[in-house]
K.L.:
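Handing you a structure now.
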There are 2 protein chains.
Amino acid sequence: MTEKKKTRIKIRNEEKIRVAALKLFSAYGFHGTTMEKIAELADMSQPNLHNYFKTKADLYEAVLNDILTVWVDPIGSLDVEGDPETELRFYIVKKVEMARKYPEASRIFAGEMLQGAPILMHHLKGPLRMKVRAFSTVIESWIRQGKIRPVDPVHLIFMIWGSTQHYADFMPQIRAVMDVARLNKSDFDAAAESICAIILRGLAPVG
Amino acid sequence: MTEKKKTRIKIRNEEKIRVAALKLFSAYGFHGTTMEKIAELADMSQPNLHNYFKTKADLYEAVLNDILTVWVDPIGSLDVEGDPETELRFYIVKKVEMARKYPEASRIFAGEMLQGAPILMHHLKGPLRMKVRAFSTVIESWIRQGKIRPVDPVHLIFMIWGSTQHYADFMPQIRAVMDVARLNKSDFDAAAESICAIILRGLAPVG
DNA sequence: CCTACCGATCGGTAGG
DNA sequence: CCTACCGATCGGTAGG
């Protein structure tokens, strides 16, 4: 019983650390974040952190792995049997929704890219590349069937990623340009609609 | 004469420092870069750096200002009298060219955004917002004239920025997915062509 | 422009 | 899980 209690506290504390670390790493980067600040935000002493994560680098890696599961994985694949417009719209809307719901995940991922992806390179060359391959296969099939115009599938997916993630990663710029204190759901919806309209129209076959 | 010689050396050294700082700040961020490493790359002693830039923050700001002049300013405005397709194509091609030629500038700018743009916020709310306003005016004029489909000009420019800068900021991901060691000019050209094709077709009026 | 060095911060450990 | 503390690093300065 005492054992069980301890374990529950440990699980809860570890979660608190992960949440605090995600927030700070995403806002200040790896080097701009101190273990002391993470400890504060997680309401613990700094030395105690090391009971849960041996080193700062370990904690950072743990946070990155958390992100991969919520950020990259849930992006389902396109259904080749489906209607291209419906399928791509769903995908784009989902990506914008992710940028809105998990901006910190997006930013920590972006920060990792800016630094050359030292930790995530393995994931990029493995699982992510496979995802793009599956995506490309569907796009190419649609092109062969004349359902969409000929287009390089890889550049298409980069275009979708770039334009959707932009709303999370460049939020200060977007807020400044739009002159709003905060982006609310309707702003994101408008963004998704604009992106969908242009890309779907851009891909629509002649006639 | 001795004075002149000194000045020339000083100018040359300051330039060396700026170049070294841009390279390291863009790769490792502000906190991940040490004055010692900048000094090494600039072939100087670390204390000597402080004769040219009082503090690390001053040097960082100087680098950011350098970037604004080469990264944001030269993006000419759209010519409202011109053909939308020609004008937008020119703009997109130029943006991709900038991502290819000045990836470090793009990355340091992106890093600044990720951290909330503490230093660049003034620029975003001033000059940059004006640029977007000018861009929007032209787009709206084209829409009124039926030259392009109705579209939110602000989301359009975000879409162009997002999809073009992506090739500089997310280069590790792009290289991993495309399975190439380096992106050469033809890759960037293909990217520009894909982006142009989809966006221009997406904006083309009915008929 | 260099040598020498400072004060502060930070990640991590000892020991209980 | 805490107190106390370490070794190392780093930005910046003194003094010449």
Side-chain angles (χ1 to χ4, degrees), chain A residues 1-64 108 111-112 115 118-119, chain B residues 1-64 108 111-112 115 118-119:
Chain A
M1 191 175 152
T2 311
E3 267 275 305
K4 226 173 185 175
K5 222 175 187 175
K6 254 189 192 169
T7 305
R8 254 186 300 168
I9 291 178
K10 281 220 169 194
I11 288 173
R12 183 161 154 54
N13 274 346
E14 194 181 310
E15 184 58 22
K16 273 167 65 180
I17 296 171
R18 284 172 190 266
V19 171
L22 170 63
K23 192 165 291 187
L24 293 174
F25 281 141
S26 73
Y28 306 106
F30 178 78
H31 296 286
T33 302
T34 67
M35 293 297 268
E36 176 62 38
K37 277 190 195 146
I38 295 173
E40 265 179 49
L41 196 60
D43 226 8
M44 310 175 51
S45 71
Q46 180 260 5
N48 194 16
L49 242 62
H50 294 276
N51 290 328
Y52 294 86
F53 297 93
K54 234 161 111 124
T55 67
K56 187 186 179 185
D58 287 344
L59 174 52
Y60 183 70
E61 266 202 61
V63 170
L64 276 185
I108 210 167
E112 188 59 13
Q115 311 228 352
I119 292 169
Chain B
M1 191 170 151
T2 310
E3 268 274 303
K4 225 172 185 176
K5 221 174 185 175
K6 254 188 190 168
T7 305
R8 253 186 299 167
I9 291 178
K10 280 218 170 194
I11 289 173
R12 184 159 155 55
N13 274 346
E14 194 181 309
E15 184 58 22
K16 274 165 67 178
I17 295 171
R18 284 173 191 265
V19 171
L22 170 63
K23 192 165 291 185
L24 294 174
F25 281 139
S26 73
Y28 305 106
F30 179 78
H31 296 285
T33 302
T34 66
M35 293 296 268
E36 176 61 39
K37 275 188 196 148
I38 296 173
E40 265 178 48
L41 196 59
D43 226 10
M44 309 174 52
S45 71
Q46 181 259 4
N48 194 17
L49 242 62
H50 294 275
N51 290 326
Y52 294 87
F53 298 92
K54 233 159 112 124
T55 67
K56 188 185 180 185
D58 286 344
L59 174 53
Y60 183 69
E61 266 203 60
V63 169
L64 277 186
I108 210 168
E112 189 57 13
Q115 312 228 351
I119 292 169

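The chains referred to below are lettered A, B, ... by the order of the sequence lines, with proteins before strands, and numbering in each begins at 1.
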K.L.:
Which part of the nucleic acid, if any, lies within reach of N13(B) when heavy atoms closer than 4.0 Å are counted: base, sugar-phosphate only, or nothing?
P.N.:
sugar-phosphate
K.L.:
Given side chains that start at C-beta, do those of K37(A) and Y28(A) come closer than 4.5 Å, heavy atoms only?
P.N.:
no
K.L.:
Locate the shortest heavy-atom distance separating I38(A) from A20(A); write the atom from each residue and the value.
P.N.:
O-CB, 3.9 Å
K.L.:
Under 4.0 Å, counting only non-hydrogen atoms across every strand here, what does Y52(B) touch: a base, just sugar-phosphate, or nothing?
P.N.:
sugar-phosphate
K.L.:
For atom CZ of F53(B), decide whether the heavy atoms of other residues, nucleotides or ligands shown that lie under 6.0 angstrom number more than 12.
P.N.:
yes
K.L.:
For DNA chain C, determine which residues of residues 15-23 of chain A have any heavy atom closer than 4.0 angstrom to one of its atoms, and list them numerically.
P.N.:
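DNA chain C contact set from residues 15-23 of chain A: none.
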K.L.:
Produce a footprint string for nucleotides 3-16 of chain C: one letter per nucleotide, 5' end first; B if the base is under 4.0 Å from any protein heavy atom, S if only the sugar-phosphate is, - if neither.
P.N.:
BB-----SBBB---
K.L.:
Do other residues, nucleotides or ligands put more than 12 heavy atoms under 6.0 Å from the NZ atom of K23(B)?
P.N.:
no
K.L.:
Just to be sure I follow the notation: if a pair is Watson-Crick (purine N1 to pyrimidine N3 plus N6-O4 or O6-N4) or a G-U wobble (N1-O2 and O6-N3), each under 3.5 Å, what dot-bracket string does DNA chain C give, with | for pairs to another strand?
P.N.:
||||||||||||||||
K.L.:
dC1(D) C1' sits how many Å from N51(A) CG, rounded?
P.N.:
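Atom-to-atom, N51(A) to dC1(D), this comes out as 7 Å.
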K.L.:
Could you tell me whether E14(B) and R18(B) have a side-chain N and a carboxylate O separated by less than 4.0 Å?
P.N.:
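So E14(B) pairs with R18(B) through a salt bridge.
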K.L.:
Mind telling me whether F30(A) and F25(A) have parallel, tilted or perpendicular rings, with 30° and 60° as the class edges?
P.N.:
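It falls in the parallel class, under 30°.
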K.L.:
Taking the side chain from E112(B) and the backbone from I119(B), do they hold a donor-acceptor pair closer than 3.5 Å?
P.N.:
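Looks like yes, one N/O pair under 3.5 Å.
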